[in-house]
Amino acid sequence: MKEVLLAKSAGFCYGVQRAVRLAEEAAADCGPCVMLGSIIHNAHVVEDLARHGVRRVNAPEELHGGETVIIRSHGESRAILEQLAEKRAHIINSTCPRVLKIQQLVQEAEREGRRPLIIGEPNHPEVLGVAGWCAHPLIFQDAEAIRAWLQAAPEHAEMPLTVVSQTTCTQKLFEICTEILKKECTNVKIFDTICDATYKRQSEAAEIAARADAMIVVGDRQSANTRHLTEICTGLCPVVFQIEWADELPLDDLKSCDVVGLTAGASTPSRIIKEVYRTMSEETIVTGGAEDFEKMLEESFKTLNTGDKVTGVVTAITPTEIQVDLGTKQAGYIPLSELSDDPSVKAEDVVKVGDEIETYVVRVNDVEGYATLSKKRLDTVKMWESIETAKEEKTTLEGVVTEENKGGIVVSVKGIRVFVPASQSGMPRNSDLSEMIKQKVQLRITEVNRARRRVVGSIRAVQYEARQAAAEAIWADIEEGKKYTGTVKSLTSYGAFVDIGGVDGMVHISELSWSRIKHPSEVVSVGDQVEVYVISFDKEKRKISLGLKDRSVDPWDKFVSTYHVGDVASVKVVKLMTFGAFAEVVPGVDGLIHISQIADRRIEKPSDVLSEGQVVDAKIIAIDEENKKISLSIRALLQEEPEETEEEAEEAPVEE
């Protein structure tokens with residue numbers, strides 16, 4: 001041997017270690033006591049306990065009244081516990097907490113009207129104990145047995161089932177069986193009850209076996225989990241030996257191997273593993289030493305405390321919880337209610353088996369050997385820390401407006417409620433803030449009080465900085481004629497103010513349209529998106545003049561290409577003056593109808609005949625192309641009307 005690979009997870013699991021400790025304490029405190037069956041599947045441990053005064057019996061009938069009885073780690077049926085109670089035995093229940101959980105699951109299944117289905121060895125003490133907590137359990141050792149049962153009767157596939165497994169079942173067998181049930185059955189609940197320590201031990205053994213020339217598996221031959229380890233290693237390594245102690249090591253067979261792997265079942269005490277390890281160490285150069293092995297054992301029993309932040313690996317996901325391997329002998333469970341703030345979220349959408357997950361220890365139950373964990377609470381702690389950091393570093397955060405509140409709005413940022421006063425919402429005064437609900441917004445945190453769970457933010461601060469940055473960019477690149485897409489911010493009697501992305505420019509009323517208008521509202525409204533161009537700007541005074549009307553199309557060119565002197569045009573009176581009336585010939589081009597050209601008689605003022613907005617026919621009597629002026633005449637058309645003949649006059653009706 002040149003190298004020995006030792007599995008870190010070798011040896012007692014939490015349930016076995018707890019059972020042995022309870023038995024030792026019972027012997028010390030109560031004197032001679034009784035274990036009902038082998039407390040664990042390891043003859044050396046049972047013999048050692050017997051030397052300490054813990055005798056073994058196989059049935060309640062062998063007990064004397066009032067004795068202290070230790071229930072083995074595999075658990076017992078309800079009927080056995082009732083018999084012990086009848087004998088007034090003092091019971092110390094060392095059933096593995098994982099097994100107790102399975103017993104509870106099958107009881108709950110029958111209360112819900114479901115049929116418990118157990119995947120495991122039918123004659124194993126653990127399986128028999130679990131089956132004893134329900135009236136009509138189904139027990140299947142492998143996938144073939146499940147297929148045969150489903151084929152036996154069509155109604156089996158429609159039966160409401162709750163599926164559990166023996167804690168030492170191999171992951172591969174469990175997955176094959178549950179895939180069949182998922183595919184064939186219409187109403188099935190599946191709980192992965194394989195002990196996470198078992199899953200970890202099996203995974204590590206498989207990894208080492210795939211690299212080794214030979215594999216040593218240490219454990220009692222009656223131990224199911226040791227037997228399963230041997231089966232797993234046999235499928236990956238050409239040479240596998242299962243032994244119970246160091247004396248059985250096949251050293252001669254191992255001399256020709258370069259790499260030898262070493263693992264042990266959950267019922268194997270550390271002293272036996274150490275002895276095997278030490279014997280192998282004398283024959284080879286090993287990776288690590290006895291001190292490393294002691295350190296691994298110490299770490300596997302490290303203490304968890306409420307409030308700790310711990311990192312583990314997801315080993316199973318059930319309909320009610322997520323199982324997490326924390327690297328300790330204690331099991332970690334995250335109830336679905338502690339996974340996320342979103343009650344509708346599915347566990348599979350958040351985590352997958354094999355994912356590393358950081359959690360918060362909510363409660364530690366040393367008696368039952370598990371820790372209740374919460375990802376949701378740790379996420380909340382992290383969120384508060386990130387909120388406080390964002391305030392200190394003035395970081396911009398993104399959130400969604402969830403509600404309108406008195407005096408402002410509430411924004412959800414990473415699950416934290418942030419109050420934004422109306423004055424900091426970025427909306428105009430007296431705006432309807434409910435319009436912001438469900439909108440994504442960016443804000444700056446201005447106040448954090450974790451004790452009162454109060455956070456205040458400002459959207460306006462982010463908008464101000466964004467406008468400042470945008471304004472600087474615009475002033476750096478602005479030039480005459482440059483085009484911008486802007487938003488109409490306000491209207492006045494003389495023009496419209498347009499935001500072109502951080503800077504407001506003014507479009508004079510004369511630059512809004514080629515047509516003569518009285519008010520900007522005839523062309524644009526507040527909030528309109530418009531295309532504008534720069535007419536002029538003053539960087540020192542920070543003023544910009546913008547244009548909206550299209551200068552590429554000159555209305556005068558359109559006029560001269562359409563009309564000539566002597567033509568008659570339909571014109572619109574746009575302005576009345578004392579000396580005449582201005583009329584629009586084409587949009588953007590006005591002509592003057594002098595007061596003397598309005599009627600074929602003398603009038604005092606143009607309004608005696610015309611009104612603004614009136615459309616009349618007028619004759620073009622002069623065009624001044626140099627000054628772009630047009631003279632119009634209505635009188636010229638009146639004079640051109642033919643006089644009535646005597647016959648027409650006689651036929652005309654006479655007014656009474």
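Judged purely by distance below 3.5 Å, without hydrogens or angles, the side chains of Thr446 and Ser458 never pair a donor atom with an acceptor atom. Side chains of Thr396 and Arg444: a donor on one and an acceptor on the other come within 3.5 Å. Thr485 and Glu531 form a side-chain donor-acceptor contact under 3.5 Å, judged by distance and modelled atom types alone.
Contact check for Thr487 versus Asp528: no side-chain heavy atoms found under the 4.5 Å cut-off. Counting only heavy atoms from C-beta outward, the side chains of Thr359 and Ser374 never approach each other to under 4.5 Å. Using a 4.5 Å heavy-atom threshold, the side chains of Glu612 and Lys518 count as touching. Leu546 is not listed as a side-chain neighbour of Tyr533, based on a closest heavy-atom distance of 4.5 Å or more. Asp192 is not listed as a side-chain neighbour of Thr178, based on a closest heavy-atom distance of 4.5 Å or more. Within the 4.5 Å cutoff, the side chain of Phe191 has no heavy atoms near those of the Val163 side chain. Counting only heavy atoms from C-beta outward, the side chains of Arg377 and Val362 approach each other to under 4.5 Å.
Tyr484 pairs with exactly one of Val534, Asp499, Ile544 by the side chain to side chain contact (heavy atoms under 4.5 Å, CB included) rule, that one being Val534.
Salt bridge absent: Asp538 and Arg542 never bring a charged side-chain N and a carboxylate O closer than 4.0 Å. Salt-bridge formation is detected for the pair Lys189/Glu112: a Lys NZ or Arg NE/NH1/NH2 atom is positioned less than 4.0 Å from an Asp or Glu carboxylate oxygen. Remark: Glu447 does not engage Lys391 in a salt bridge, criterion side-chain N to carboxylate O under 4.0 Å.
Side-chain atoms of Asp308 come within 3.5 Å of backbone atoms of Asn305 as a donor-acceptor pair (strictly under, hydrogens ignored).
Note that OG of Ser545 and NE2 of His508 are 9.0 Å apart. Values are rounded to the nearest 0.5 Å. In this structure, NZ in Lys575 is found 5.5 Å from CE in Met577, a value given to the nearest 0.5 Å. Between atom CD of residue Glu175 and atom CD1 of residue Ile194 there is a gap of 7.5 Å, rounded to the nearest 0.5 Å. Here the straight-line distance linking atom OG1 of Thr402 with atom CD1 of Ile437 works out to 8.0 Å at 0.5 Å rounding.
Closest approach of Ile334 and Lys375 over heavy atoms only: CG2-N, 4.2 Å. When all heavy atoms of Val418 and Gly457 are compared, the closest pair comes out as CG1-N, 3.6 Å. Contact record, Arg98 with Cys195: NH1-SG, 3.1 Å, taken as the closest heavy-atom pair.
Using the six-membered ring where Trp is involved, Trp556 and Phe559 have ring planes that are tilted, between 30° and 60° apart.
Taking the salt bridge (Lys or Arg N to Asp or Glu O under 4.0 Å) definition, one finds that Glu184 meets it with nothing, sequence neighbours left out.
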TODO: Any chance you could lay out the salt bridge (charged side-chain N to carboxylate O under 4.0 Å, His left out) test for Glu179 and Lys182, step after step, and finish with the verdict?
DONE: CA-CA 5 Å; Glu179 281 303 313; Lys182 286 178 186 177; 3.8 Å; yes
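A 6.0 Å sphere centred on CZ of Arg460 holds no more than 12 heavy atoms belonging to other residues, nucleotides or ligands.
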